[in-house]
Amino acid sequence: MTQTVADSVRAGSPTVATTRARRVLRAVAVASCVPYLSLKVAWLAGSHLGIPDGSPLLEHRTAVAVANGVTVLMDACVIVLALVLTRPWGLRLPAWLLAVPVWVATGLLTPIMTGFPVQLVVSAFGGSVDATDDGGEPFLHSWVFCVVYGGFLVQGLALGALFALYARDRWGRLWQGRLGDLPCARFGTPAQRTAAVAAAVVALLPLTAHLLWACGATTGLNADLIADRTSDFHVVEAQSAVFVAGAAAAGLMLGFRRGRAVPVRVPLALAWITSAAVACWAGWQSVASLVVTEDASERPTALMQLTYAGQTVVGLLVAGLAVRFLVARSKAGRPAP
């Protein structure tokens, strides 16, 4: 009798059906990397394509070159992931070796995929676009943002679809059923509830900070951000608040099995996306802030650093809850239909 892909994986002979849809998604994911990689390589080679005269990017050449080199490697990883998710040998990789880079990619791409379209809509109705730096000096030509963020949007959609298909084939049995059907002995244990509560408590600081900043408050912002706030800034802050709240909610659902009639895949998907967006984006902001040097007005304030740290803690706690949940579900064996 012919086995399904998932049955083959469980039987110990991993196979993946490289369908036409997957080949198309793989080609789209790879092609969407070309504009961004081309720009970065051009900048590393000394080109000023898309960078106007007077841009701050021309003042910190060494730091910008290092950042460009790192981001080239990061975007190249998208091509590797597209191959891993569509080739038979990809199913034989250790789970952590694939899950970690996909989780990071989810965290870096999701805020762009959700925020950029909203920013375009807001700007179409008269909002200000964040394409200038302090003093009104040009940062990048506006077409660069459209090319880069448009490419990220396509990357996220293609890579997300490929990973969803891959995860269904390899781990689909782990998110069958509803939360209320799970035994308390393995799910909703005291340790899991403690982690969920800790994530919710820690989330209060970054959630409050982002809500205040989204609503126009300047408390805890550095002078550079206060001077250059645009509609883009408010969209990003509002989005960050939503992700923090979503991560805390997902942790509580997994830790306390709240929403007993809710399918298991809902809190798991919410935990995956929001924990990655919260932790990875905050981590990226923290690393990016290290590039800032002499100008004190550009350095993150104590509250901004605490906000980034709090987000990272929340994201890691919720991600840990999701991992613990999947491990327990795997040990419990395949659930009855």
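What you see below is based on every heavy atom in this structure, not just the backbone, and it leaves out hydrogens, waters and symmetry mates. Here the structure is a predicted model, which is why all the values come from computation and not from measurement.
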Under 3.5 Å: donor-acceptor pair, side chain of S32, backbone of A29:
yes
Quiz item: Would you say the side chain of V24 lies within less than 4.5 Å of the side chain of V28, judging by non-hydrogen atoms?
Solution: yes
Checklist entry - Does a donor on one side chain sit under 3.5 Å from an acceptor on the other, for S330 and W171? => result no
Closest non-hydrogen atoms of H234 and A214, given as atom of the first, atom of the second and distance, are ND1-O, 3.2 Å
*Which is it for L268 and L254 under the side chain to side chain contact (heavy atoms under 4.5 Å, CB included) test, yes or no, and what are the steps along the way?*
CA-CA 8 Å; L268 280 176; L254 292 176; 4.2 Å; yes
*Please tell me if the side chains of L179 and R258 come closer than 4.5 Å, counting only heavy atoms from C-beta onward.*
no
- Taking it one step at a time, do H48 and L58 satisfy side chain to side chain contact (heavy atoms under 4.5 Å, CB included)? CA-CA 9 Å; H48 293 173; L58 302 177; 3.8 Å; yes
**Q.** Non-hydrogen side-chain atoms of S286 and Q305 separated by less than 4.5 Å
**A.** no
| message | Quick check on R193: does its CZ atom have over 12 non-hydrogen neighbours (other residues, nucleotides or ligands) under 6.0 Å away? | response | yes
- request: Please confirm whether the backbone N or O of G216 pairs with a side-chain atom of R229, one donor and one acceptor, at under 3.5 Å?
  value: yes
Practice task
Assess whether atom CZ of F256 is packed by more than 12 heavy atoms of other residues, nucleotides or ligands within 6.0 Å.
Solution key: yes
Value for CG (L326) from CG (L174), rounded to nearest 0.5 Å, stands at 6.0 Å
Handout entry: Note, S275 side chain near W103 side chain (heavy atom, < 4.5 Å)
Key = yes
On a heavy-atom basis, the closest approach of T274 and A247 is OG1-CA, 3.2 Å
**Study point:** Check: V78 main-chain N/O paired with Q155 side-chain donor or acceptor under 3.5 Å
**Key:** no
- Query: Do the side chain of N68 and the main chain of V64 share a donor and acceptor less than 3.5 angstrom apart?
  - Reply: yes
Does the ring centre of F163 sit less than 6.0 Å away from the ring centre of W272?
yes
Salt bridge present between R257 and D181 (N-O < 4.0 angstrom)
no
Rounded to the nearest 0.5 Å, the CE atom of M304 sits from the OG1 atom of T307 at a distance of 8.0 Å
(message) Under 3.5 Å, is there a donor on one side chain and an acceptor on the other for R22 and T86?
(response) no
request  = Could you check L108 against M74 for side chain to side chain contact (heavy atoms under 4.5 Å, CB included), going step by step and ending with a plain yes or no?
outcome  = CA-CA 10 Å; L108 295 178; M74 291 172 64; 3.1 Å; yes
Quiz item: Q192 versus L321: any side-chain heavy-atom pair under 4.5 Å?
Solution: yes
| message | When you group the ILVMFWY residues by side-chain heavy-atom contacts below 4.5 Å and let the links chain together, are V314 and V197 in the same group? | response | no
Exercise. Do the side-chain N and O atoms of T114 and Q239 include a donor-acceptor pair separated by under 3.5 angstrom?
Worked result: yes
Here the pair of heavy atoms bringing Y166 nearest to G90 is OH-O, 2.6 Å
Under 3.5 Å, is there a donor-acceptor pair between the side chain of R324 and the main chain of A191? no
In this structure, CG of L157 is separated from CG of L162 (nearest 0.5 Å) by 11.0 Å
Check against side chain to side chain contact (heavy atoms under 4.5 Å, CB included), D75 and F152: CA-CA 9 Å; D75 206 50; F152 285 159; 3.9 Å; yes
Indicate, with yes or no, if L97 and I79 share a hydrophobic cluster defined by side-chain heavy-atom contacts under 4.5 Å among Ile, Leu, Val, Met, Phe, Trp and Tyr. no
Would a 4.5 Å heavy-atom cut-off, applied to side chains only, mark H210 and Q311 as touching? yes
Between the SG atom in C146 and the CZ atom in F116, the distance rounded to the nearest 0.5 Å is 4.5 Å
Smallest heavy-atom separation, G315 atom then A279 atom, equals CA-CB, 3.8 Å
Would you say L306 and L205 make side-chain contact, with heavy atoms under 4.5 Å? yes
When hydrophobic residues are tied together by side-chain contacts of less than 4.5 Å, even through go-betweens, does V236 share a cluster with V122?
-> no
- Query: Is the closest side-chain heavy-atom distance between Y36 and V147 below 4.5 Å?
  - Reply: no
Cluster check L109, L165: I/L/V/M/F/W/Y, side chain < 4.5 angstrom: yes
Value for CG (L98) from CG (L81), rounded to nearest 0.5 Å, stands at 6.5 Å
Interatomic distance, OG1@T194 vs CG@L317, rounded to 0.5 Å, equals 11.0 Å
Could you state whether V323 and I273 fall into the same hydrophobic cluster, counting links through intermediate Ile, Leu, Val, Met, Phe, Trp or Tyr residues with side-chain heavy atoms under 4.5 angstrom apart? no
On a heavy-atom basis, the closest approach of M113 and P117 is O-CD, 3.1 Å
Hey, does the side chain of R178 reach the backbone of V262 with a donor-acceptor pair shorter than 3.5 angstrom?
no
More than 12 heavy atoms of other residues, nucleotides or ligands under 6.0 Å from CH2 of W143: is that the case? yes
With a 6.0 Å cut-off on the ring centroids, do F233 and W213 count as close? no
Closest heavy-atom pair, R170 versus L93, reported as atoms and distance to 0.1 Å, is NH2-O, 2.6 Å
